[in-house]
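Please read all numbers here as calculations on a predicted model, not as lab measurements. The first residue in the sequence is number 1, and the count goes up from there.
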Amino acid sequence: MGLKKSFLILSASCVLLALLLLGLIFLICNLVSKTFPAGGVEILSDGSIVNLEAPTESQQRILRMLNIIQIVSCIIFPMGGLALSGVLYYHIKLKQPIAALRNGIIRVQNHNLDFSMPVRSDDELGQLCAAFDTMREELLKSNQELWRQAEERKRLNAAFSHDLRNPITVLKGTVKLLRKGTADQQAIDRLESYTLRIEQYVEAMSSIQRLEQMPVRLSECPYSLLRSELEDTAKLLAGTLELSISAPDNGTTQLDHGLFLTVAENLIGNAARFAKSKIIIHLERQGNFLLLLVTDDGPGYPVELIQNGPKPFGKMKEDAAHFGMGLYSSQTLCRKHGGTLALENRQDYGATATASFQINSKS
């Protein structure tokens with residue numbers, strides 16, 4: 001029932017009840033008054049006059065009291081009926097919705113949006129509570145979206161800074177060779193290639209909002225070029241570690257050269273931090289996928305990392321660098337390229353990361 005209709009019904013009911021009680025009071029007072037002598041005279045039919053019994057002084061006081069009660073009742077009962085209707089209207093229609101709204105406002109002020117607004121009726125206040133709950137849900141969605149965007153921007157910035165470390169390391173190594181005068185034309189070409197790749201990477205990362213939005217630019221890449229770049233990257237990132245690199249001798253493939261090198265640099269750099277003496281890099285083609293396997297003879301991946309997969313900003317008590325932004329970024333880029341990133345431990349050897357990329361291969 002609506003608020004206006006409820007108020008009219010409660011007011012009319014309470015006023016009617018007050019009038020009934022007022023009528024009852026008048027009836028009782030009249031009945032009591034009739035029990036007392038009225039006094040005065042009575043004229044008989046023969047013209048004789050008879051004096052009636054007059055009320056005593058105490059009876060007169062009672063009669064006056066009854067008159068006062070009737071007059072006061074005419075004021076108190078109607079006003080009391082209206083007051084009662086207001087009290088009942090508040091407790092029945094207003095108290096609970098107002099308390100729910102007040103509690104909801106306090107929670108919103110305290111930045112707590114994880115609650116539900118109770119809707120106990122279909123009247124105007126019930127509709128207001130429902131509208132408040134809808135507003136809370138929309139505000140919660142907005143806050144969650146803002147939080148998600150902040151987290152995505154945090155991940156994007158972390159991936160951006162992390163994925164630039166390895167190319168910069170390669171450039172520093174090439175610059176050292178140039179300073180020593182031992183660089184050849186291949187080193188200069190590598191310097192030019194990595195500078196261009198960093199420029200393209202910066203442009204791509206500046207134009208996207210999420211790491212998953214990284215564009216995939218397919219290009220024709222010979223396997224011999226990929227092998228050469230893997231060798232150069234491994235020599236600059238792995239230092240004095242023993243390297244074993246294998247790849248197809250002939251043929252070309254279509255893939256995003258920049259994404260492939262970013263994943264390769266992350267996996268090789270990650271293996272170099274934990275390898276004891278040797279790193280094995282293997283590149284092979286299986287159907288429509290290009291597989292890159294990087295194995296080190298270190299302590300291996302933590303069990304939790306293998307079971308749950310890499311997470312951004314993840315930290316573990318043991319081998320924390322094995323579980324960070326590099327593996328998460330590589331996993332995301334592999335998925336963007338239609339592949340996956342699989343992590344496993346080889347028995348009595350170390351850790352193996354297998355990155356797969358969906359490609360269009362040519363023999």
Query - Student check: side-chain heavy atoms of Ile25 and Ile69 closer than 4.5 Å - result: yes
Report summary line: Between the CD1 atom in Ile359 and the SG atom in Cys221, the distance rounded to the nearest 0.5 Å is 10.0 Å
Query - Hydrophobic cluster membership, Val15 vs Tyr89, 4.5 Å side-chain cutoff - result: no
Query raised in the report: Honestly curious: do Phe132 and Val119 fall in one hydrophobic cluster under the side-chain, below-4.5 Å linking rule?
Result: no
Query - Any Thr252 side-chain heavy atom under 4.5 Å of Tyr223 side chain - result: no
Query raised in the report: Going by side-chain heavy atoms closer than 4.5 Å, which hydrophobic residues are tied to Leu27, directly or by a chain of links?
Result: Leu31
Report task. Please answer: with hydrophobic residues joined when any side-chain heavy atoms are less than 4.5 Å apart, are Leu10 and Leu17 in the same cluster? Result -> no
**Report entry** salt_bridge(Glu231, Arg227) N-O dist < 4.0 Å
**Finding:** yes
Query raised in the report: Any salt bridge (charged side-chain N to carboxylate O under 4.0 Å, His left out) pairs touching residues 59-88, not counting sequence neighbours?
Result: Glu57-Arg61
Query raised in the report: Any side-chain heavy atom of Ile281 sitting closer than 4.5 Å to one from Ile268?
Result: yes
Query raised in the report: With side chains defined as the heavy atoms from C-beta onward, is the minimum distance between Leu113 and Arg107 less than 4.5 Å?
Result: no
Report task. Would you please name every residue forming a side-chain contact (heavy atoms from CB on, under 4.5 Å) with Ser11, sequence neighbours left out? Result -> Phe7, Ser85
Query raised in the report: Going only through I, L, V, M, F, W and Y residues with side-chain contacts under 4.5 Å, is there a path from Leu84 to Leu8?
Result: no
Query - Ring centres under 6.0 angstrom apart (Phe357, Phe260) - result: yes
Query raised in the report: Looking only at atom types and distance, does a side-chain atom of Thr352 sit under 3.5 Å from a main-chain N or O of Asn345, one as donor and one as acceptor?
Result: no
Query raised in the report: Quick one: does Arg136's side chain have a donor or acceptor within less than 3.5 Å of a partner on Ser116's backbone?
Result: no
Query raised in the report: Is Phe115 close to Asn103 at the side-chain level, that is, under 4.5 Å between some pair of heavy atoms?
Result: no
Query raised in the report: Got a donor-acceptor contact below 3.5 angstrom from the Asn110 side chain to the Asn112 backbone?
Result: no
Query raised in the report: Are Leu94 and Ile105 linked, directly or through other ILVMFWY residues, by side chains that come within less than 4.5 angstrom of each other?
Result: yes
Query raised in the report: In Å and rounded to the nearest 0.5 Å, what is the CZ to NE2 distance from Phe289 to His337?
Result: 11.0 Å
**Report entry** Test side chain to side chain donor-acceptor pair (under 3.5 Å) applied to Ser277 and Asp296, Thr240, Asp297, the passing residue
**Finding:** Asp297
Query raised in the report: Near Met79 CE, under 6.0 Å, is it more than 12 heavy atoms from other residues, nucleotides or ligands?
Result: no
Query raised in the report: Mind checking whether Thr295 and Arg346 have side chains closer than 4.5 Å, heavy atoms only?
Result: yes
Query raised in the report: Should the heavy atoms of other residues, nucleotides or ligands under 6.0 Å from CG of Asn30 be counted, would the total exceed 12?
Result: yes
Query raised in the report: Between Leu22 and Cys74, is any pair of side-chain heavy atoms under 4.5 Å apart?
Result: yes
Query raised in the report: Under 3.5 Å, side chain of Thr35 to main-chain N/O of Val32, donor-acceptor pair present?
Result: yes
Query raised in the report: Are the side chains of Ile92 and Ser6 in touch, meaning some heavy atoms are under 4.5 Å apart?
Result: no
Requested in this report: Under the side-chain hydrogen bond (donor to acceptor under 3.5 Å, both in side chains) rule, what do Glu229 and His257 come out as? Steps first, then yes or no, please.
Outcome: CA-CA 11 Å; Glu229 289 178 332; His257 190 208; 2.5 Å; yes
Query raised in the report: Is His282 reaching over with its side chain to a backbone N or O of Leu292, donor-acceptor style, under 3.5 angstrom?
Result: no
